[in-house]
Structure formats: C-alpha cells, structure tokens
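Report on one structure; see the data block that follows.
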Amino acid sequence: MRRAIALALDNVRVHGGGPFAALVVKDGRILAEGANRVTATNDPTAHAEIVAIRAACRALGDFQLTACDLYTTCEPCPMCLGAIYWARPARIFFAGTAEDAAAAGFDDAFIYDELRRPRADRHLPMTQLLRDEALAIFSAWRELSSKKPY
C-alpha cells in the first residue's frame with residue numbers, strides 16, 4: 001500500500017494528475033502499477049485501478065487476475081469496482097474511503113443514485129432500440145463452439 005500511496009503522491013506532485021494509484025500483486029510480487037491518467041490521456045476510463053488491471057492482464061496474458069491482490073489508494077468508484085469484479089482478483093485492499101474522495105472533490109454518489117433509478121428516470125436519457133435484432137448476437141454467442149467464457 002505504501003508503494004501505491006507513493007505513486008499517487010508522485011502523480012499529483014510531479015505529473016499534475018489525479019490523487020489515485022493502484023497495484024496488482026501476485027505471490028508477493030508487483031505485476032503492474034497504475035496511476036490516474038484521466039486528464040493526461042483525455043480518457044475518462046483511465047482511473048488508476050483500470051490502468052493497473054490492464055497492465056497486469058497484459059503481463060499475465062489473461063483477462064482475469066486469478067490469485068492476485070489489488071491495492072488501491074482509495075475505495076474504488078463504481079466503474080472501477082465493476083472492472084475489478086470482471087477481473088476477479090482474490091482480494092482488494094484500499095486506503096482512503098469514498099467519503100475521503102468526496103471531500104477532495106471526487107464524489108461518485110450521484111452514480112450510485114442513478115443506478116438505483118429506473119432507466120426512464122435517469123438523468124442521462126436511455127432509449128432501447130432494435131432489441132429483437134440484437135438478440136441474434138446472443139444466439140450467435142451461445143452457438144459458438146470456440147467461445148472462451150468469462
């Protein structure tokens with residue numbers, strides 16, 4: 001965790017980036033590190049956890065972080081938490097809380113609130129189109145004999 005905190009401090013003080021960093025560790029060895037790169041890359045998905053997960057998956061040659069631990073300087077936001085669940089690490093360790101992040105101007109509460117609303121009541125309009133045609137995609141997936149489930 002101290003390494004993650006040092007990365008986050010470096011990201012803020014040296015690179016002018018966001019105050020977040022993450023590490024993926026396997027068997028006591030750091031596989032990958034990531035710092036928040038949102039503004040540096042103009043990529044809203046470049047949160048520290050996502051950056052670290054992508055690098056670790058490349059290093060492992062796998063889309064899952066089996067038997068890995070994720071260390072992050074703050075409790076993951078909704079996007080990162082979703083990615084973490086998809087990556088399936090063994091454990092997550094975090095330092096700051098979502099409330100700590102909110103106090104620094106990084107408040108994700110509105111996203112959690114939106115997820116609890118019915119689609120029709122969300123602030124960002126969501127309109128379903130061509131569902132019947134899209135169902136053919138899932139049929140094709142189910143029939144694919146060479147698929148790699150995830």
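Computed from a predicted structure; not experimentally measured.
- Transitive grouping of hydrophobic side chains (ILVMFWY, heavy atoms separated by less than 4.5 Å) keeps I53 and F94 in distinct clusters.
- Nearest approach of T72 to E49, heavy atoms of both residues: OG1-OE2, 2.8 Å.
- Hydrophobic clustering keeps L60 apart from Y71 (ILVMFWY residues linked when any side-chain heavy atoms are closer than 4.5 Å, directly or through intermediates).
- Between Y150 and F63, the angle of the ring planes goes over 60°, which puts this pair in the perpendicular group of the 30/60° scheme.
- Counting heavy atoms of neighbouring residues, nucleotides and ligands inside a 6.0 Å radius, atom OH of Y85 does not exceed 12 of them.
- A22 approaches A52 most closely through the heavy-atom pair O-CB, 3.8 Å.
- Grouped by direct or indirect side-chain proximity (heavy atoms under 4.5 Å, Ile/Leu/Val/Met/Phe/Trp/Tyr only), I137 sits alone.
- For Y112, there are no ring pair (Phe, Tyr, Trp, His ring centres under 6.0 Å) partners at least two apart in sequence or on another chain.
- When all heavy atoms of H47 and V38 are compared, the pair lying nearest together is CD2-CG2, 3.6 Å.
- Nearest heavy atom pair, residue A56 against residue A32, reads N-CB, 3.4 Å.
- By the criterion of side-chain heavy atoms lying less than 4.5 angstrom apart, applied directly or through intervening Ile, Leu, Val, Met, Phe, Trp or Tyr residues, M1 is not grouped with L70; the two fall into different hydrophobic clusters.
- Judged as a salt bridge (charged side-chain N to carboxylate O under 4.0 Å, His left out), not a single pair has a partner in residues 125-148 (not counting sequence neighbours).
- In this structure, the side chain of E114 does not engage the main chain of R122 through any donor-acceptor pair within 3.5 Å.
- By the salt bridge (charged side-chain N to carboxylate O under 4.0 Å, His left out) test, E33 is found to be paired with R3, residues two or more places apart in sequence or in another chain being considered.
- Residue-environment remark: CZ (R2) stays at or below the threshold of 12 foreign heavy atoms within 6.0 Å.
- One hydrophobic cluster, built from ILVMFWY side chains closer than 4.5 Å, holds both L115 and F110.
- Sequence neighbours left out, the pairs with a member in residues 78-97 that pass salt bridge (charged side-chain N to carboxylate O under 4.0 Å, His left out) are D69-R91.
- Summarising the geometry, atom CD belonging to E99 is positioned 4.5 Å from atom OG1 belonging to T97; distances are rounded to the nearest 0.5 Å.
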Expected list for residues 5-20: side-chain donor-acceptor pairs under 3.5 angstrom, two or more places apart:
{"from": "D10", "atom 1": "OD2", "to": "H15", "atom 2": "NE2", "distance (Å)": "3.2"}
{"from": "N11", "atom 1": "ND2", "to": "G18", "atom 2": "O", "distance (Å)": "2.8"}
{"from": "N11", "atom 1": "ND2", "to": "N36", "atom 2": "O", "distance (Å)": "2.9"}

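- Follow the hydrophobic side-chain contacts under 4.5 Å out from I111 and you never reach F106; the two are in separate clusters.
- The distance from the SG atom of C57 to the CG atom of L31 is 9.5 Å, given to the nearest 0.5 Å.
- When all heavy atoms of I50 and C80 are compared, the pair lying nearest together is CG1-SG, 3.9 Å.
- Considering only heavy atoms from C-beta on, R37 stays 4.5 Å or farther from D43 through its side chain.
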